[in-house]
Visitor: 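Okay, here's the structure, questions in a sec.
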Amino acid sequence: MRWIMVREVDIEAFAAARREGALVLDVREAFEFAAGHVPGARWVPLGMLAGNLAALPFGPAVMVICASGNRSRIGAELLTRAGFEAASVRGGTIAWSLSGRDLAAGTA
């Protein structure tokens with residue numbers, strides 16, 4: 001297996017990519033997503049990501065987010081290996097919330 005460098009973006013770069021139409025993919029568990037997520041995020045838990053690649057649109061950049069940035073790095077690596085232009089959001093949903101931005105609640 002070859003080493004792949006996963007791109008990581010900070011909250012400001014993430015917000016800009018989101019405004020420009022990047023797909024926001026939240027890879028946390030259902031209860032975490034329901035408690036609060038970035039508005040407009042699409043939910044696919046990390047454990048189900050590999051089996052759902054065909055359902056993702058190929059083309060727009062994919063910003064992968066979790067709670068703090070650990071699971072999103074794994075998800076971004078998986079997507080990068082599959083040919084997607086993917087990045088992990090450093091600090092995750094916690095950093096998004098701490099930056100003063102709103103969270104949406106509810107299920108996927």
Visitor: Can you name the closest pair of heavy atoms from Ala15 and Arg101 and give their distance?
Guide: CB-NH2, 3.8 Å
Visitor: Under a 4.0 Å N-O cut-off, is there an ion pair linking Glu12 with Arg19?
Guide: no
Visitor: Measuring from Ile11:CD1 to Ser97:OG, what's the distance to the nearest 0.5 Å?
Guide: 10.0 Å
Visitor: Looking at Arg73 and Glu77, is any side-chain nitrogen of the basic one under 4.0 Å from a carboxylate oxygen of the acidic one?
Guide: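 Looking at Arg73 together with Glu77, the answer is no, because their closest N to O distance does not fall below 4.0 Å.
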Visitor: Do side-chain atoms of Asp10 reach the backbone of Ala13 as a donor and acceptor pair under 3.5 angstrom?
Guide: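 It does hold such a pair.
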Visitor: Looking only at non-hydrogen atoms, find the nearest pair between Ala105 and Ala35 and report the distance.
Guide: CB-O, 4.3 Å
Visitor: Could you tell me the separation between the CZ atom of Arg28 and the CZ atom of Phe31, rounded to the nearest 0.5 Å?
Guide: 9.0 Å
Visitor: How long is the span from the OG atom in Ser72 to the CD atom in Glu8, to the nearest 0.5 Å?
Guide: 7.0 Å
Visitor: Do Trp96 and Arg18 have side chains that approach each other closer than 4.5 Å (heavy atoms only, starting at C-beta)?
Guide: yes
Visitor: Step by step, would you call Val62 with Leu56 a side chain to side chain contact (heavy atoms under 4.5 Å, CB included)?
Guide: CA-CA 9 Å; Val62 182; Leu56 299 176; 5.8 Å; no
Visitor: Taking all atoms of both residues into account, what is the closest heavy-atom pair of Pro60 and Phe58, and its distance?
Guide: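 Heavy atoms of Pro60 and Phe58 come nearest at CD-C, 3.7 Å.
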Visitor: Do Leu46 and Cys66 come close enough that some side-chain heavy atom pair is under 4.5 Å?
Guide: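 Side-chain contact under 4.5 Å: no.
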Visitor: State the CG-CD1 distance between Leu78 and Ile74, to the nearest 0.5 angstrom.
Guide: 10.0 Å
Visitor: Which distance, rounded to the nearest 0.5 Å, do you find between the CZ of Phe33 and the CD1 of Ile65?
Guide: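 With rounding to 0.5 Å, CZ (Phe33) is 10.5 Å from CD1 (Ile65).
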Visitor: I'd like to check Arg90 versus Val9 (side-chain heavy atoms, cut-off strictly below 4.5 Å). Are they in contact?
Guide: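 Side-chain contact under 4.5 Å: no.
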Visitor: Leu103 and His37: side chain to side chain contact (heavy atoms under 4.5 Å, CB included), yes or no, with the steps?
Guide: CA-CA 5 Å; Leu103 292 174; His37 55 270; 5.6 Å; no
Visitor: Look at Glu32 together with Arg71 and state whether they make a salt bridge at an N to O cut-off of under 4.0 Å.
Guide: yes
Visitor: Flag the pair Val64 / Val89 as yes when at least one side-chain heavy-atom distance between them is below 4.5 Å, and no otherwise.
Guide: no
Visitor: So Val38 and Asp26, side chain to side chain contact (heavy atoms under 4.5 Å, CB included) or not? Walk me through it.
Guide: CA-CA 8 Å; Val38 173; Asp26 192 317; over 6 Å; no
Visitor: Report whether Phe84 and Leu23 are members of the same hydrophobic cluster (ILVMFWY, side-chain heavy atoms less than 4.5 Å apart, transitive linking).
Guide: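 Both belong to a single hydrophobic cluster.
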Visitor: Compare all side-chain heavy atoms of Leu53 with those of Leu79 and state whether any distance is below 4.5 angstrom.
Guide: yes
Visitor: Less than 4.5 Å apart, any side-chain heavy atom of Val44 and any of Leu25?
Guide: yes
Visitor: What are the two closest heavy atoms between Ala76 and Ser88, and how far apart are they?
Guide: CB-N, 3.8 Å
Visitor: May I ask you to test the Val24-Arg42 pair for a side-chain heavy-atom distance under 4.5 Å?
Guide: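 The answer is no, as the side chains (C-beta and beyond) never meet within the 4.5 Å cut-off.
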